[in-house]
Protein chains: 2
Amino acid sequence: MKSNITMRDIAERIGVSSVTVSKALNDKEGVSDELKAKIKALAIEMGYRFNAVAKSMKEGLSYNIGIIIPERFSGGNFYLKFYQHITTMLEQYSYYGILQVLSAEDERNLQLPRTYYESKVDGFIILGQISSKYIDLLTDNNIPKVFLDFYTDHSDIDSIITDNFYGVYELTNYLVKEGHKDIAFVGNIHSTSSIQDRFLGYYKSLLEHNLSLNEGYIINDRDEKGTYIDLEIPNPLPSAFVCNCDQVGYNLMNKLRSMGYSVPEDCSVVGFDNDIYSTLTEPQLTTVEVNIEEMSKVAVEFIIEKIKNEHKNSGRVLIKGTIIHRDSVKKI
Amino acid sequence: MKSNITMRDIAERIGVSSVTVSKALNDKEGVSDELKAKIKALAIEMGYRFNAVAKSMKEGLSYNIGIIIPERFSGGNFYLKFYQHITTMLEQYSYYGILQVLSAEDERNLQLPRTYYESKVDGFIILGQISSKYIDLLTDNNIPKVFLDFYTDHSDIDSIITDNFYGVYELTNYLVKEGHKDIAFVGNIHSTSSIQDRFLGYYKSLLEHNLSLNEGYIINDRDEKGTYIDLEIPNPLPSAFVCNCDQVGYNLMNKLRSMGYSVPEDCSVVGFDNDIYSTLTEPQLTTVEVNIEEMSKVAVEFIIEKIKNEHKNSGRVLIKGTIIHRDSVKKI
DNA sequence: CTGAAAGCGCTTACAG
DNA sequence: CTGAAAGCGCTTACAG
């Protein structure tokens, strides 16, 4: 597929220089409209294809962005959706996305992606929480980067996250409005910043409604490695469960069913993410839809800015989600 | 992140030419071991990063492969798994994969990917069936390509597919061995080559066991657009259903449950793919696991071969899957 | 074992 | 409005 036709070939056929062809094809000034049209027509006729590699070479930019997904998040298709929106947005800047799954091993051994060592990318979008040490590594190497769907205490790094805090806050408010007072939270609150913030949103709602936080109502859902564990259902049964994500909502529904409970008759359940798991339960889950498209758009804007201007700092951006009402909540 | 350190910088520091540095860093002959070691050490010390773009430029190869997934298959994470294995395999050849979702619109309008027009890739792996006209377009443009997980009647194109035919053939044999005689097939047999072959494997098993093919036992599962439709369950109920994929097995199980039937007590169900849907049913589905890793490996080998030698033709390769026994089949 | 020269296909800065 | 020159960072083929 090596394109044998170059700008020079076009130039020679017409009897101009390759500089003129370059200007014409890029719609730059300094070529008469007549000549420009003639060059463009001939380019098509000759089957000319632009050589982006040559441009990269000249500009010292690869026009690729590495999209890094830590291995443990690569299972679902949630991040794949992000990736699709990211690549769509990147196209507008003539950029391409190279998806890389960061293996647990490479993350532990602080092994940077090969794209970095081969100057194959101009920067990275990190999709999903990575270890603090790995972040330090990226920072120390002065690698342009943007965090998507998580953040850390490195205040100088741009992050785009869904508004976990307000999302769950509003969802819990909704449960309270429906008459619920005994509301449990399901999630390991030491696991990721997302879960922590969702928990805090839940807690804020309790505080505002003078409902006390019951230690027994914080139900762990996964171990340190992120593997889901068997859920311990409190006795007596809370009237509602706020799950930190839809998949855990799905697990909870199965657990409740196996114990003979019906949702929403015996208790209500809400999730977060609006991913496939929220539609696999019976009844389907009321949940919060993450605005993947908008988040991806902002992430791309930020990384492109960052490549142009190393010192550009856009900070932490929260993108609001939307509550999706389904049938897993009962008014009491 | 522009790497300011070049081979020439290293060369000047040591007092040799950049040719020697290139040879040393690439472990080529013609440099004394002593010098080689010195150059390598200095490269690390200076934080040198190889510039793959310059190599691409020189060789006229982008060292990228486009992985094209038609939009309608981009929903699940089945193809994402392929993508992961593909990129892992590509690394061994110093290649990178650029994933592109082919929109229904671009497919219809015969719009080639932008990576092609910008010479960003050296070839394509097409992951999932695309229209015949689009295939013609790729062929007419002389684009190196390999088909993964589907094939067509274009006999000159390399395809790597799972052994659909024998997979379902063996699975149906297993049902017959368990005493089943009234076996239905669920799938639109005019939809894709995969479904067709799976159907034919089912039919072969019937033929070999002198079981007649009952027209009413071929149950359509999707319309022309690939959207799943409501399943019509035959009356009387067959003793077993062979579903063309796990997701349809999942749909069928839901349908059967809603009608008051129990699996496997009232009838048995088997699927294909061993994807997430096979584990979401209760009981979980007996199915055929597709050997994604091996298929990806072969696809990468083929496309790399093809880039080196345009006329290399490897044909159609069938990769065997493995039956996964779970609890959705009863011996009768 | 080592290096000068040429070239991959563009674009930028400058001269005319 | 048009073009000659230089350069991006490598590698190949050849000469010494």
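In what follows, every chain begins at residue 1, and chains take the letters A, B, ... in the order their sequences are listed. Heavy atoms only: backbone and side chains are in, while hydrogens, waters and symmetry mates are out. Small disclaimer: the values here were computed from a predicted structure and weren't measured.
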Considering just the side-chain nitrogens and oxygens of [X], establish if one lies under 4.0 Å of OP1 or OP2 belonging to [N].
X       : N      : answer
B:Tyr48 : D:dC10 : yes
B:Thr20 : C:dG3  : yes
A:Lys23 : D:dC1  : no

Whole-Å distance separating the [atom1] atom of [X] from the [atom2] atom of [N]:
X        : N      : atom1 : atom2 : value
B:Arg8   : C:dA5  : CZ    : C1'   : 13 Å
B:Phe50  : D:dC10 : CZ    : C1'   : 7 Å
A:Leu25  : C:dG9  : CG    : P     : 15 Å
A:Asp9   : C:dG7  : CG    : C1'   : 15 Å
A:Ile14  : D:dC1  : CD1   : C1'   : 15 Å
A:Lys38  : D:dT2  : NZ    : C1'   : 14 Å
A:Glu59  : D:dG9  : CD    : C1'   : 15 Å
B:Lys120 : C:dG9  : NZ    : P     : 17 Å

Tell me which nucleotide among [options] gets nearest to the side chain of [X].
X       : options              : answer
B:Ser17 : D:dT12, C:dG3, D:dG3 : C:dG3
B:Ser32 : D:dT11, C:dC1, D:dC1 : C:dC1
B:Asn51 : D:dG9, C:dT11, C:dG9 : D:dG9

Classify the nucleic acid contact of [X] as base, sugar-phosphate or nothing, counting any heavy atom under 4.0 Å across all strands shown.
X       : answer
B:Lys36 : nothing
B:Met57 : base
B:Val16 : sugar-phosphate

ask   = Would you find a donor on one side and an acceptor on the other, under 3.5 Å apart, between the side chain of A:Tyr83 and the backbone of A:Gly97?
value = yes

ask   = Is the side chain of A:Asp158 donor-acceptor paired with the backbone N or O of A:Asn313 at a distance under 3.5 Å, no angle test?
value =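 Here the side-chain-to-backbone pair does not exist.
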
request  = Could you tell me whether B:Glu34 and B:Lys38 have a side-chain N and a carboxylate O separated by less than 4.0 Å?
outcome  = no

request  = Considering only NZ, NE, NH1 and NH2 on the basic side and carboxylate oxygens on the acidic side, decide whether B:Lys40 and B:Asp27 come within less than 4.0 Å.
outcome  = yes

query = Where each residue is assigned the nucleotide of DNA chain D containing its nearest heavy atom, which of B:Lys55 and A:Ala54 is assigned the position nearer the 5′ end?
reply =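 So the residue in question is A:Ala54.
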
ask   = Starting at the 5' end of DNA chain D and moving along, which residue's nearest nucleotide shows up first, B:Met7 or A:Val31?
value = A:Val31

request  = Tell me the partner of C:dC14, counting only Watson-Crick (N1-N3 plus N6-O4 or O6-N4) or G-U wobble (N1-O2 and O6-N3) with both under 3.5 Å; none if nothing fits.
outcome  =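 Result: D:dG3.
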
message = Between B:Ser314 and B:Glu305, is there a side-chain donor-acceptor contact under 3.5 Å, judged purely by atom types and distance?
response =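 Short answer, no.
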
message = Check for me whether B:Lys120 meets the cation-pi criterion with A:Tyr96, that is, NZ or CZ under 6.0 Å from the six-membered ring centre and within 45 degrees of the ring axis.
response = no

remark   = Taking for B:Val19 and for B:Lys58 the nucleotide of DNA chain C with the nearest heavy atom, the one nearer the 5' end belongs to B:Val19

